[in-house]
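Okay, so here's the structure we're looking at.
These values consider heavy atoms only, across backbone and side chains, with no hydrogens, waters or symmetry-generated copies. Along the sequence shown, residues carry numbers from 1.
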Amino acid sequence: MSNKNQVRAKKHLGQHFLNDENIAKKIADTLSLEGYKDVLEIGPGMGVLTKYLLKKDTTTHVIEIDTESVDYLKNNYLNLASRIYEKDFLKFDLTVVFGDKPFALIGNYPYNISSQIVFKTLEMRHQIPEFSGMFQKEVAQRICSKEGSKVYGILSVLTQAFYDAEYLFTVPPSVFNPPPKVDSGVLLLKRKTNFSLPCDEKLFFKVVKTAFQQRRKTLRNSLKTFNLSDNLKANTIFGQRPEQLNVSQFIELTSLIENDK
């Protein structure tokens, strides 16, 4: 390996390089590798996680926006060179690489774009049966939280509509360079067997997002912009606040709005 110091962590990219081999291996082992042959790692940095992925019976690809990291990976992981994409994950059309094939996502995700990464995953859920990796702890907990929790919100409902979400373990700041100011959390998302909703999916997203924008109000008040009929607003579900509804109830709510005459 080349001198690891040649890649500097860049604040504007939200980089904190994991330097604990055991944790890197544990994260690599979170994927089941069932139902797909390809894995895409987001933001590999200096490859601490990548090297454990390369040992598995799968084809590993990496996407990295940092030129320094890309050069380092090309010099140190020669067998990976043709599958290193120097692109912005959020803007890159992944069908250029995978076509319509399924693939898993994994990574030590940059904190500053972690929620956007999840939203892009949801957009591509038909191709992504599995997703794992490390987030800021509170974001990982929010994604996996259930109704009634203070952190339950848009990310929780939209993710859990399509994936089973499991919080796996906490990672302390001390195993990073530079250390972040918060704990990190590793989670696993496994796509549900039936991941199509029995309601208008675009409307479902809109209802969830609108409801949580005013999370302290009842749904009768937070969903006023939908111009609901008085008859529908009399339904007891509209007397609840958004954090009281589980995913199934949000689906039911969407169907009620969809069929409102």
Where the side chain of [X] meets the backbone of [Y], is there a donor-acceptor pair that is under 3.5 Å apart?
X: Glu258; Y: Asp200; value: yes
X: Arg125; Y: Arg191; value: no
X: Gln160; Y: Ile143; value: yes
X: Glu130; Y: Ser32; value: yes
X: Arg142; Y: Val139; value: no
X: Asp38; Y: His61; value: no

Tell me if the NZ atom of Lys37 is crowded by more than 12 foreign heavy atoms within 6.0 Å. no
Take a 6.0 Å sphere around CG of Asp100 and say whether it holds more than 12 heavy atoms from other residues, nucleotides or ligands. no
Residue pairs passing the side-chain hydrogen bond (donor to acceptor under 3.5 Å, both in side chains) test with at least one member in residues 230-241, sequence neighbours excluded, are Arg241-Glu243
Working to the nearest 0.5 angstrom, can you tell me the gap between [X] [atom1] and [Y] [atom2]?
X: Ile117; Y: Ile42; atom1: CD1; atom2: CD1; value: 4.5 Å
X: Leu256; Y: Gln249; atom1: CG; atom2: CD; value: 11.0 Å
X: Asp66; Y: Asp71; atom1: CG; atom2: CG; value: 9.0 Å
X: Phe238; Y: Leu223; atom1: CZ; atom2: CG; value: 6.5 Å
X: Asn108; Y: Glu41; atom1: CG; atom2: CD; value: 7.0 Å
X: Lys25; Y: Thr30; atom1: NZ; atom2: OG1; value: 11.0 Å

For residues 165-191, pull every pair meeting ring pair (Phe, Tyr, Trp, His ring centres under 6.0 Å), keeping only residues two or more places apart or in separate chains. none
Keeping to residues at least two apart or across chains, list the ring pair (Phe, Tyr, Trp, His ring centres under 6.0 Å) pairs with something in residues 185-204. His126-Phe195
Between [X] and [Y], what is the shortest heavy-atom contact and its length?
X: Val118; Y: Leu155; value: CG1-CD2, 3.8 Å
X: Ser222; Y: Thr210; value: O-CG2, 3.5 Å
X: Pro242; Y: Tyr152; value: O-CE2, 4.1 Å
X: Pro180; Y: Tyr111; value: CB-CE1, 3.9 Å
X: Tyr36; Y: Pro102; value: CB-O, 3.9 Å
X: Ala140; Y: Leu187; value: CA-CD2, 3.8 Å

Go through the steps for Phe162 and Glu201 under the test side-chain contact (heavy atoms from CB on, under 4.5 Å), then give the verdict. CA-CA 11 Å; Phe162 307 104; Glu201 292 186 356; 4.1 Å; yes
Side-chain heavy atoms nearer than 4.5 Å, only ILVMFWY residues, links allowed to pass through others: does that put [X] and [Y] together?
X: Val70; Y: Leu78; result: no
X: Val208; Y: Val151; result: no
X: Leu168; Y: Tyr52; result: no
X: Met124; Y: Phe92; result: yes

Heavy-atom side-chain proximity of [X] to [Y] below 4.5 angstrom:
X: Leu245; Y: Ile237; answer: yes
X: Gln214; Y: Asn221; answer: no
X: Thr170; Y: Lys137; answer: yes
X: Asn19; Y: Val48; answer: no
X: Lys192; Y: Asp164; answer: yes
X: Lys209; Y: Leu158; answer: yes

Applying side-chain contact (heavy atoms from CB on, under 4.5 Å), run through Leu105 and Phe89 and close with a yes or a no. CA-CA 11 Å; Leu105 282 181; Phe89 171 79; 3.9 Å; yes
Donor-acceptor pair between Gln136 and Ser114 side chains, under 3.5 angstrom: no
Between Ser196 and Asn194, a side-chain donor and acceptor under 3.5 Å: yes
Going by the rule ring pair (Phe, Tyr, Trp, His ring centres under 6.0 Å), which residues pair with Phe103 if we only count those two or more places apart in sequence or in a different chain? Phe98
Of all residues at least two apart in sequence or in a different chain, which pass the side chain to side chain donor-acceptor pair (under 3.5 Å) check with Ser255? none
If the threshold is 4.0 Å, N to carboxylate O, is there a salt bridge linking Lys51 and Glu21? yes
With a 4.0 Å cut-off on N to O distance, would you call Glu86 and Lys74 a salt bridge? no
After noting the C-alpha distance and the side-chain angles of Ser149 and Gln141, does the key distance pass the side-chain contact (heavy atoms from CB on, under 4.5 Å) rule? CA-CA 10 Å; Ser149 162; Gln141 288 177 324; over 6 Å; no
Asp29 and Lys26: CA distance, side-chain angles, deciding distance, side-chain contact (heavy atoms from CB on, under 4.5 Å) verdict: CA-CA 5 Å; Asp29 289 344; Lys26 273 181 75 175; 5.7 Å; no
Establish, yes or no, whether the cationic atom of Lys206 lies under 6.0 Å from the six-membered ring centre of Phe226 and within 45° of the ring axis. yes
Taking side-chain contact (heavy atoms from CB on, under 4.5 Å) as the test, write out the residues that go with Thr58, two or more places apart. Leu33, Val39, Lys56, Thr60
Aromatic ring proximity, centroids under 6.0 angstrom, Phe205 and Phe119: no
Of Val97, Ile106, Leu94, which meets side chain to side chain contact (heavy atoms under 4.5 Å, CB included) against Leu40? Leu94
